[in-house]
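See below for the structure under consideration.
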Amino acid sequence: MEKHHKFSIWYVLLGVWVVLIIHNYLVAVLAVEVIPYSRFLHLVKQGKVAEVAIGTNQIQGRLVDGEKGGKGKLFRTVRVDPEISRLLDEYNVTFKGEVESTFLRDLFSWLFPIFLFVGVWYFFMKRMTGQQPGFMSLGKNKARIYMEDDLNVTFDDVAGVDEAKQELQEIVEFLKNPSRFTELGGKLPKGVLLVGPPGTGKTLLAKAVAGESGVPFFSMSGSEFVEMFVGLGAARVRDLFVQAKQKAPCIIFVDELDALGKARGFGTLGGHDEREQTLNQLLVEMDGFDPTVGVILMAATNRPEILDPALLRPGRFDRNILVDRPDKKGREAILRVHLKQIKTVKNLDVERIAAMTPGMVGADLANLVNEAALLAVRRRKKRVSMKEFEEAVERVMAGLEKKNRLINEKERRIVAYHEMGHALVALSLPGTDPVRKISIIPRGIAALGYTMQVPTEDRFLMHKTELENRIATLLGGRAAEEIVFHDISTGAHNDLAKATDIARSMVKEYGMSEKVGHVYFARERTSRFLDTGVQGAQEYSEATAELIDREVRRIIDAQYEKAKRLLEEKRDVLDRGAAVLLEKEKMEGEELLSLLESAGSSGPEAAGA
Ligand code: ADP
Ligand code: MG
Ligand code: ZN
């Protein structure tokens, strides 16, 4: 359950308001009117006073019952005449000698609303959290202990993330037998950070590690640490580690770690200090514990970029494991895991369902299977068939499209050709980094696909041809789009920016343009602090500026033509590669290479610069 009842200032204001309202009401009900002494005497003489209590300097009393049968009004007056008893006797007023204290009444009119408010708050807190909100237990940590019995998640329940599983296998081995590891002097990471988009199975993986190794699992979400009262978050962290060390070997899992590293919202009490204190405590504890005792700290986040860099330093979360969106094969595997829970027709084409669901993550697929099962129930079917799945895909997709993560078929084709364009140009030109992986699995909003090139060696010098080839590779995406669709898209703007950067540097910094010559022109802003904002503080003439622009343009144009020519020559490979990408969504570098070889043209060849 989500627990979003932070200690907001609004709760306090609401509380104060409610208390005031009730107090006012009680005061009105228990109203005691203060009247002048003369009026009091007058009332006595009129026979309207029923009874009084006389104090040393104050008289309280009640009037005779009203006409409408209501109880007589209460009043109070300051005693002026000490010899009043005779008068009272004369007019038949009951009287006694002690003043009735108003203290209790006042106290009551304040305490009652406060107790009422606290009571209501207590009641709701209990219902929301299912826990005692008592002040005594606030400092204790809420980390639940999952023993292996009630946590029977294993690696078999997590599919499509084989690389992550492989990396975690080592941790499982260690937790199963910590002493064997440490005897050999092996060193393990203290902290493992699972990074990936929401719903890819990070939480599930952490549980599976605990399940596989059969150790206690302490889990806590980052937002839980950020407590309502200052200092308690830090106390919780301390407590958590104390408990964990007692149960070693075990796993401490901090879900949504970014909640600790994220700036807190407006209107919350405690603010940054609280978060920082908690974070600091976490860092202190991480530095203080020795992984050889068998405590492994795991955490998950889908926003690693906003994490405090201190968390990622060596000795802390020093191992990052990427839990990425699944490709088609991965989705098929995940579907199979969840299909075990429901009854389906025998010849269900799981591969086809996987093909229909590009961009979906594990959580979406689990949801999809559930939707299909519900549809079948509604139709009173005994088994879930392809028809239900097709409908469920439509439903889930429609929901997801609103979250704008999925791309349509036409866009997928464009992205596939675009990425193939990069990859083919890179493979065909010497001096470009080898292509390791091509993917059209959408990730986030910006990147629709990517072509991963990994340098084979560290480079300190780059030749002119290499730079040109790099530009050509960057432009390969757009060139492919133009060749195939006779139209270009916005998907290349990042490529264009990079290509232009390189070309500009070639002209202005590296002296690689014959027309501009072997000169260096890049020093525009000598100092950021002295920059007065005056434009055009350049060290070259307007004419040179124009020449530079023209040269940049010439280099880009030439490389674009080169990329286009290359791709047109290899059009069949381009088509076949794009088809493979559309089918499998991912392609390894070797695959592409063999595709290229089978087309007759082998490996990198010297192309005219
Ligand atoms: P995350 O923590 O990455 O946001 P979760 O681990 O909470 O995602 O996943 C939510 C649910 O989605 C899981 O309980 C599981 O049912 C399903 N799921 C997600 N990823 C996978 C996966 N790789 N294999 C099987 N089921 C998955
Ligand atoms: Mg999670
Ligand atoms: Zn591109």
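Note that ligands are numbered from 1 as they come in the structure, with each ligand's atoms numbered from 1 the same way. Owing to the predicted nature of the structure, the values given are computational and were not obtained by experimental measurement.
Looking at atom 12 (O) of ligand 1, its nearest protein heavy atom turns out to be A363 CA, 3.1 Å. Atom 22 (C) of ligand 1 has its closest protein heavy atom at A159 O, 3.6 Å. In this structure, atom 2 (O) of ligand 1 lies nearest to the protein heavy atom T203 OG1, 2.6 Å. Remark: minimum distance from atom 6 (O) of ligand 1 to any protein heavy atom is reached at L204 N, 3.0 Å. Residue, atom and distance of the protein heavy atom nearest to atom 18 (N) of ligand 1 are G362 C, 3.6 Å. With hydrogens left out, the protein atom closest to atom 8 (O) of ligand 1 is G201 N, 3.3 Å, a heavy atom.
Using a 4.0 Å cut-off to heavy atoms of P198, the atoms of ligand 1 that qualify are 4 (O).
Enclosure of atom CZ in R316 by more than 12 non-hydrogen atoms of other residues, nucleotides or ligands within 6.0 angstrom is indicated. Within a 6.0 Å sphere centred on CD of E351, other residues, nucleotides and ligands contribute 12 heavy atoms or fewer.
Between the side chains of N469 and T432, no donor-acceptor pair is found at a separation under 3.5 Å.
Of the angles at the Zn ion (ligand 3), the one spanning NE2 of H418 and NE2 of H422 is 90° when given to 10°.
The residues K562 and D557 are annotated as not salt-bridged, no charged nitrogen and carboxylate oxygen being separated by less than 4.0 angstrom. Using a 4.0 Å cut-off between charged nitrogen and carboxylate oxygen, R336 and E332 count as a salt-bridge pair.
Nearest heavy-atom pair, L582 versus R412, reported as atom, atom and distance to 0.1 Å: O-NH2, 2.8 Å. The heavy-atom pair separating D364 from V396 by the smallest distance is O-CG1, 4.4 Å. For E482 against K564, the heavy-atom pair with the smallest separation is OE2-NZ, 3.2 Å.
Residue contacts with ligand 1 for I334 involve side-chain atoms from C-beta outward but no N, CA, C or O (heavy atoms, distance under 4.0 Å).
Contact analysis leaves A300 out of contact with ligand 1, as no non-hydrogen atom separation drops below 4.0 angstrom. For the ligand labelled ligand 1, residue D157 lies inside the 4.0 Å heavy-atom shell. Close to ligand 1: H338, with a non-hydrogen atom less than 4.0 angstrom away. Residue-ligand proximity: G196 is placed with every non-hydrogen atom at 4.0 Å or more from ligand 1.
Between the CG atom of L257 and the OG1 atom of T301 there is a distance of 6.0 Å, given to the nearest 0.5 Å.
Which of G160, G199, A164 comes nearest to atom 4 (O) of ligand 1 through a heavy atom is settled by distance: it is G199.
For the Zn ion (ligand 3), the nearest N, O or S atom contributed by D495 is named OD2.
Each of K437, K329, K328, R331 was checked for a salt bridge (charged side-chain N to carboxylate O under 4.0 Å, His left out) with E585, and the lone residue meeting it is R331.
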Evaluate the criterion side-chain hydrogen bond (donor to acceptor under 3.5 Å, both in side chains) for residue pair E388 and S385; output intermediate values, then yes/no.
-> CA-CA 6 Å; E388 279 80 44; S385 72; 2.8 Å; yes

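For a distance bound of 2.8 Å, the N, O or S atoms of E419 include none lying that close to the Zn ion (ligand 3).
The shortest N/O to N/O separation between K202 and ligand 1 falls below 3.5 Å.
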